[in-house]
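One structure, as structure tokens, below. Some questions next.
Atoms considered below: every heavy atom in the structure, side chains included; atoms not considered: hydrogens, waters and symmetry mates. The chains referred to below are lettered A, B, ... by the order of the sequence lines, with proteins before strands, and numbering in each begins at 1.
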Amino acid sequence: MSQATPAIATDDAPAAPRRSRGNAPPVLSRNLPLLGHLLELRKHPIELFTRVRSECGEIGEMNFAGNRVVLLTGERAQEAFFRADEEQLDQAAAYPFMTPVFGRGVLFDGNPEQRRQAMKNQSLRDKMMRGHAETIANETRRMMEKLGDAGEVDLLDFFAELTLYTSSACLIGPEFREELSPEYYRVFYELEKGTDPIAYVNPYLPLPTFRRRDRARARLVELLTEVFERRAARTDGKRELFDVLLSIRDESGKPRYTIDQVTGMFISMMFAGHHTTSGTAAWTLIEMLRNPGVLPPVREEIDALYADGREVSYQALREIPRLEAAIKETLRLHPPLIILMRKVMRDFDYLDFTVPAGKLVAVSPAVSNRMPECFPEPDRFDPARYDEGRAEDRQLFAWIPFGAGRHRCVGAAFAMMQLKAIFSDLLLRYDFELTQPPESYRNDHSKMVVQLRQPCRARYRRRSA
Amino acid sequence: MRVRVDLDLCQGHGVCANESPEVFELDGDVARVIEEQPAAERHEGVRLAAKYCPTGAITIEEE
């Protein structure tokens, strides 16, 4: 193996006793000087990750402009990745392209324990879900009022706007949600487009995409500054999450968090819960419309559920298996994040191999979710995979649209409930139809944040009562 | 019936403690099993807890 050079000993541990080391993982071919596999990552990331599996097997090394990323594939290797503790595999520094987006002092700073505390969001606890179901139903109705009887929408715009309102109303607060306008989701869109993998070279290069990213972030700070100045000046009204954070003082009486930092928290919450859900919503509708036989049984299920004019309820949303299966199958085929990364803090051993501290290790949901040994006919959209006897999503370390283990997306249950609430209302009241050739709906993979490529349009018409 | 929670998977959502408060409780960040071999009248609640657990962290061994 050409890459078998020992890792450079770190300065802070010169006298550490030498441990026996396993082999270095094989390095993927076509490793270009300087850039490594970066160009391939920007062009065809899923093909790149798939190539690691077919060429190197369960473990293989990629090179993103000098950042060595060891990709683990297969249920067993992925389980080792997901079960490793945070002191060994850390999320910090694994996502350099996110720092300019979130800002400094947000999310990926601090030690694992501090982050665990910061990430603990009461609003995602099961107890809160009942209220969220109602909030989401209300937001969906407000969007439907804007739709009118018939027309055409761009699915990315429509669901990005809707989920901006649902996510912010549930996770931050109803008053804050009222401050938001379509400008916000457009700003987020610019931020998301600013996650070009070229950031592995340097996230501050003077490129148009990074300039737009920084302008978008500055605009968001400006918008929120105005919101919070107005909110701070008023004497009535509720104190919501961000009002509370902004009112905290440190020992010297200075504000603990600046508006810039709160903006960063807002961005990080939206990155976790917004484009992911909105993209999944759009894909769910597309897949239901372009795969014959999927929509009618889902429709039947929804119609039966609300036949007596009942309101959407949390319990009803838990027992809606056909719609749930359609969403799960969409998530399997179009996971919003196609690669999950960790930094190795302590040498990571797998089989005969050792990944030394300092490198990155990764798992790819896009590869895993289509492994034929776990998902027969992996490219087929087949909601029956989730029927009782098969339950292919119970392969907890293979079906990983939300990741797995301790770092599994904490918003997964919220996201599923949200998608079910949105579609049970939308499909109850509207008929949809794709206006483009079915295969023209595709993702744009040129950025680390995957987005549906525009145009992605659909026609709708209100169902007769 | 014997109940276990895989702490590598649990994230403390609290579904189990809501479904079956006699058998599960939230202990800080994670779920804790109070009654590892629950009495028969609690089996239904335990099965619901396992079914709805968002991380699939609960395993039940039926005896």
Counting only non-hydrogen atoms closer than 4.5 Å, does B/L7 touch chain A with its backbone (N, CA, C, O), its side chain (CB onward), both, or neither? backbone
Answer with side chain, backbone, both or neither: which region of B/N18 has an atom nearer than 4.5 Å to a non-hydrogen atom of chain A? side chain
Between the side chains of A/R346 and A/E87, is the shortest nitrogen-to-carboxylate-oxygen separation below 4.0 Å, so that they form an ion pair? no
Counting only heavy atoms closer than 4.5 Å, note whether A/F397 contacts chain B via side chain, backbone, both or neither. side chain
Assess whether a salt bridge exists between B/K51 and A/E388, defined as any Lys/Arg side-chain N lying under 4.0 Å from an Asp/Glu carboxylate O. no
Under the ring pair (Phe, Tyr, Trp, His ring centres under 6.0 Å) rule, what do A/F82 and A/H407 come out as? Steps first, then yes or no, please. CA-CA 8 Å; A/F82 286 121; A/H407 283 299; 9.3 Å; no
Look at A/R390 together with A/D382 and state whether they make a salt bridge at an N to O cut-off of under 4.0 Å. yes
